[in-house]
Amino acid sequence: MDAFARLIAENPVVIFSKSTCCMSHTVKALIFSFGANPTVIEIDKMPNLHQIERALIQLGCHPSVPAVFIGQQFIGGADKVIGLNIQNKLSQLLLNAKAIFIWGR
């Protein structure tokens with residue numbers, strides 16, 4: 001999926017989500033709370049939903065969404081992203097990816 005790789009390479013934060021998934025909503029809200037503007041792909045609204053889900057599962061995201069990429073790196077799903085936030089590491093990842101430019105809590 002060249003488009004998949006290009007999308008991740010061209011954007012500091014990419015979130016693969018489903019519009020009806022509460023954990024996807026939580027992760028998007030968390031990333032937005034830092035002032036980041038992630039690229040959000042609602043896979044349930046795409047015609048190749050199953051192909052995208054298979055690709056995300058192959059990357060190690062179980063369940064397939066939310067799947068978060070920061071700085072071209074696969075971070076993981078909701079549990080990983082929330083865990084990084086609890087450890088105060090998420091802000092640094094966003095800073096390093098240039099998704100945000102200043103953070104001081």
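The distance from atom OG1 of T20 to atom NE2 of H25, rounded to the nearest 0.5 Å, is 12.5 Å. How far CD1 of I31 is from CD1 of I70: 4.5 Å, rounded to the nearest 0.5 Å. Taken to the nearest 0.5 Å, the CE atom of M46 stands 9.5 Å off from the CG atom of L49. A distance of 8.0 Å separates OG in S24 from CD1 in I43, rounded to the nearest 0.5 Å. Distance check: K18 NZ to I52 CD1 gives 10.5 Å after rounding to the nearest 0.5 Å.
Annotation: side chain to side chain contact (heavy atoms under 4.5 Å, CB included) contacts of K89 (sequence neighbours excluded): L84, Q87. When the side chain to side chain contact (heavy atoms under 4.5 Å, CB included) test is applied to A99, the partners found at least two apart in sequence or on another chain are P12, V13, A36, L94. Partners of H50 according to the side chain to side chain contact (heavy atoms under 4.5 Å, CB included) rule, which considers only residues two or more places apart in sequence or in another chain, are E53, R54. Evaluation of the ring pair (Phe, Tyr, Trp, His ring centres under 6.0 Å) rule for F74 yields F69 as partners, not counting sequence neighbours.
G76 and V81 make their closest contact through O-CG2, 4.3 Å (heavy atoms, listed as atom of the first residue, atom of the second, distance). Closest approach of I100 to G35, counting heavy atoms only: CG2-C, 3.9 Å. For F16 against L7, the heavy-atom pair with the smallest separation is CZ-CD2, 4.0 Å. Smallest separation of non-hydrogen atoms from P66 and C21: CD-SG, 4.5 Å.
Among residue pairs with one or both ends in residues 76-97, none qualify as ring-ring contact (aromatic ring centres under 6.0 Å, His included); sequence neighbours excluded. Within the structure, the salt bridge (charged side-chain N to carboxylate O under 4.0 Å, His left out) test picks out no pair touching residues 66-79 (sequence neighbours left out). Pairs passing the side-chain hydrogen bond (donor to acceptor under 3.5 Å, both in side chains) check and including a residue from residues 36-47, sequence neighbours excluded, read N11-T39, S17-E42, S19-D44, K28-E42.
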- Message: Evaluate I82 against M23 for side-chain contact (heavy atoms from CB on, under 4.5 Å), listing each step before the verdict.
- Response: CA-CA 10 Å; I82 292 167; M23 293 311 292; 4.1 Å; yes

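Residues I86 and L95 share a single hydrophobic cluster, defined by chaining ILVMFWY side chains whose heavy atoms lie under 4.5 Å apart.
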